[in-house]
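Note that this is a predicted model, so its numbers are computed, not measured. So that the names make sense, note that chain A is the first sequence line, chain B the second, and so on, each numbered from 1.
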Amino acid sequence: MGHDTSYTDQKFNVVGTRVKRPDGLEKVTGRAKYGADASAPGQLVGLILRSPHAHANIVKIDTSKAEKLAGVKAVITSKDLPDHTGGNRGMLDILENCMARGRALYDGHAVAAVAAIDRQTAKKALKLIKVTYKVIPHVTDVDEAMEENAPVVQDYVFTPGGDGKTPSNISGIVPFGHGDIDAGFEEADVIVEKSYKTEQTHQGYIEPHACLANMGSDGTGELWVTTQGHFVFRNTCAALLGMDVAKLKVTASEIGGGFGGKTHVWMEPVALCLSRKANRPVKVVMSRDEVFRASGPTSSTSMDVKIGAKKDGTITAASAQLRYSCGAFPGIWGMLGAMTAFACYDLKNVKAIGYNVLVNRPKVTAYRAPSAPMAAFGVESTMDLVAAEIGMDPIDFRIKNAAKEGTKASYGPTYGPIGIGPTLDAAKNHPHMKAKLGKNQGRGMACGFWFNFGGQTCTDLNIGIDGTVNLTVGTVDVGGSRASLSMIAAEELGISYDDVKANLGDTASLGHNDMTEGSRGTFSSGMATIFAARNAIDVLKQRAATMWEIPVEDVLWEAGSAKATGEGHGNLAPLTLKEIAAKSPTTGGPIAGHNESVADNAGVSFASHICDIEVDPETGGTKVIRYTVIQDAGKAIHPDYVEGQFQGGAAQGIGWALNEEYIYGEDGKLQNPGFLDYRIPVCSDLPFIDTQILEIPNPNHPYGVRGVGETSIVPPLAAIGNALSNAAGVRMDHVPMSPPRILKALEEAKSA
Amino acid sequence: MLRVSVSSSISPALNGATEISIEAQTINELMHKLIDRYPRIENQCETGIAVSINGEIYRDNWNVKIPQDSEVYLLPRIPGG
């Protein structure tokens, strides 16, 4: 990128303060425009017909009656979405997930779609589409899917290392680790081995998927959509529809939550295809039922964890087999579980094997630190069991084995400076650890790890005639990046935060930006903003030199003003940014800065969480009574937002741990596709989540920033499991730890 | 000469190699020499591989120089949420 990204221990004026969020008023007054809020003249309503079967061959689709219905402008099936993927199996999988191609692979799989003048007509048309299915055996459980005679979901998938002739549901077996685990377990005084299961959960974003597609007859098109990355959506949709990338303009709406689920296209190519066929704009808004049945859940898992330690607390070996469901298409979710499982610890002998397993469920997509929370549940629960066996405090046991600079990570490389030790020390010394507990209450803690990453970013900074600044970024604001990026621009330029307005550019106005995922928004666009601002400062200095008629080499930028240096310029008063901007029409025209870059090296992230929980032994009901998140942020640009990310991740993790689960019937149909039966936590379910931000600078960012958005969802499952164990005396090995499961465990313990 | 460790998800495309020796000054040179030696890796290089240099993970920036005494690791490129 041509810029030095090294950390410099600079002093800040704006960064680190708690300024007002720029989008708050619009959101609370209802003016913010989300995915379903756009309209266009002549707009049609698009609806999708979905498979009622978990697994079926589609013998025939008869759309003739629907097409004849008055008010119907287009009906499409997979025939209208020809394969433009050129042999790219991953892209063909995406296309097939958007619209079934001869096979329905899960309950909710799209099989046809209509566009009509209103919702009533569109619904009537869906009923007129006759699909002839031949139902075939299905499998929805990850362990059952791995059995030899399980129904095969995809006939092009073979078990790695197998005969290569017999299709299977195991698309990947991926081991990570080092050392000799057999020798390590031989050295152990204590070995604990335990199996765990976690159920599938949804990201639970409140805003459903929604878009407005508008294809012109000239082959160009526009898409307004709720997404975490409109540039990636553009590239994917253009590829699937056989369009030139430049001819599809995608505008990202305000986003009502994504958490990974909006990194993937689901019905957007369908909406574009409907619009192309109807030659009218088409709006598609998923119902909650559709969101649950056909978009982005995380994996269900099954795992075996084994940890051996000496009596002094040194772990001698650790191993895990992690089996993750991927839905009906291959994924890398088990692999990610294996990479993250033991990443918090300094282990001489470690092996984690991830299994990626296909089942007849919707295609799994990322959910905040994808795959890490489940692996952490197994490992961190077992850590507590080992600590108990050797009679050591669980925090001290973790501190003794914590990874540090120079540790060979369980996924391969050697760590640089990292924050797991400091988060554990902070947890040990936190007042929460010393607070008294009441009857039926217990305390637990757990650690978590996530990678974080950077990626491609392109940013423009334009200075107006009055000296106020438009910052145009291409990373969707999912967690406060407009505030943090405005603060960074203000910091660099030496102006007030109130003088900067951050905007999200559409795909026609900026170069490519990767998704807002991997906790990259503030890290990568922040870096691009720093360099765009410095680029603008170069222009401002040049303009000041022009105004003063002195060489630019004699101009420096300090505290928001150009200052003349050197002999003969001592009597020149500084020129503020506003003064230079006011003269811009006659000193060379608009003043702007720009940066395009690849912001790699985001720095890994660690967290330690403490949880107090109360269990009702009569009902198995639980109440989280106190929760503390301690995490390394590198540098908190806007501490409120960083705390918000910590709290949000913890809240989602608490819901996952205690309530949320996809429940499939014997028929392979999802039984609870709605928020009444799939219960995410609401405010009254949660205590105020306390936070402690640690700032261990990332050496590879000028301000020391690390990503903060994901790691906080990793420890809660295990922290709650450990707290429950201490509160109720039963070790829960199945997430969610819902009242019926807790009651069953209590009754079993009583009868034993 | 760099000694490059290979993650298990990538080694099948490198004919099963778990460690390889290769002369390269940058990630770009490393990737191109890998493709020359193991053509099957080509499809994975741009979208499926990250390179860890002394514990610092690079996914996209192939201009990065690799110090010759570095620990170099080929890792799968991972998504986020």
Side-chain angles (χ1 to χ4, degrees), chain A residues 1-2 88 90 160 172-176 203 228 258-261 263 298 332 335-336 338-339 353-354 365-370 405-406 408-409 411-416 418 450-456 514-520 597-604 699-700 707 709-710 713, chain B residues 2-20 22 26-31 34 39-81:
Chain A
M1 68 167 60
N88 182 328
I173 304 174
V174 194
F176 288 88
Q203 295 85 345
Q228 288 176 243
F259 315 112
T263 60
T298 188
I332 56 170
M335 180 191 82
L336 284 180
M339 291 178 81
I353 308 174
T365 193
Y367 180 12
R368 217 168 182 161
E405 186 169 359
K408 185 173 171 57
Y411 58 87
T414 303
Y415 286 128
I418 54 171
W450 182 244
F451 291 98
N452 297 332
F453 51 78
Q456 299 178 67
D514 282 339
M515 287 277 173
T516 304
E517 59 173 351
S519 302
R520 68 176 290 270
S597 58
V598 176
D600 261 330
N601 225 336
V604 294
N700 302 301
E710 295 175 282
I713 201 172
Chain B
L2 295 171
R3 283 178 60 199
V4 181
S5 300
V6 182
S7 172
S8 60
S9 64
I10 296 164
S11 72
L14 303 179
N15 300 338
T18 55
E19 188 173 293
I20 50 175
I22 207 159
T26 62
I27 294 177
N28 190 50
E29 192 179 353
L30 170 64
M31 291 297 189
L34 279 176
R40 275 204 297 155
I41 195 76
E42 185 166 12
N43 289 340
Q44 259 180 290
C45 275
E46 283 187 18
T47 56
I49 294 181
V51 181
S52 167
I53 303 171
N54 292 329
E56 295 176 347
I57 299 173
Y58 298 87
R59 300 195 322 157
D60 298 295
N61 190 357
W62 285 17
N63 299 324
V64 170
K65 288 191 174 143
I66 309 176
Q68 290 308 291
D69 55 351
S70 303
E71 176 202 70
V72 182
Y73 231 98
L74 298 184
L75 293 167
R77 187 186 165 103
I78 55 168

> Out of A:T414, A:T516, A:D514, which one racks up the most heavy-atom pairs below 4.5 Å with chain B?
A:T414
> What residues of residues 3-20 of chain B sit under 4.5 Å from chain A when only non-hydrogen atoms are counted?
B:S7, B:S8, B:S9
> Sequence neighbours excluded, which residues qualify as ring-ring contact (aromatic ring centres under 6.0 Å, His included) partners of A:F451?
A:Y411, A:F449
> Check whether any side-chain N or O of B:N61 sits under 3.5 Å from a backbone N or O of A:D600 as a donor-acceptor pair, and report yes or no.
no
> A:M515 versus chain B, heavy atoms under 4.5 Å apart: side chain, backbone, both or neither?
neither
> Among the options A:I713, A:I173, A:V174, A:V604, pick out the one with the most heavy-atom pairs lying under 4.5 Å from chain B.
A:V174
> Looking at A:G416, A:G518, A:G412, which makes the most heavy-atom pairs under 4.5 Å with chain B?
A:G412
> Using non-hydrogen atoms only, which part of A:T298 is less than 4.5 Å away from chain B: side chain, backbone, both, or neither?
neither
> So which of A:A366, A:P413, A:G90 has the largest heavy-atom pair count under 4.5 angstrom toward chain B?
A:P413
> In terms of heavy-atom proximity below 4.5 Å to chain B, should A:F259 be classed as side chain, backbone, both, or neither?
backbone
> Sequence neighbours excluded, which residues qualify as side-chain contact (heavy atoms from CB on, under 4.5 Å) partners of A:N601?
A:N700, B:E56, B:Y58
> At under 4.5 Å between heavy atoms, what parts of residues 66-81 of chain B are in contact with chain A? List them by residue number.
B:E71, B:Y73, B:L75, B:P76, B:R77, B:I78, B:P79, B:G80, B:G81
> Heavy-atom distances under 4.5 Å only: say whether A:Q228 touches chain B with side chain, backbone, both or neither.
side chain
> Looking at B:N43, B:D60, B:N54, B:I53, which one has more heavy-atom pairs under 4.5 Å with chain A than the rest?
B:D60
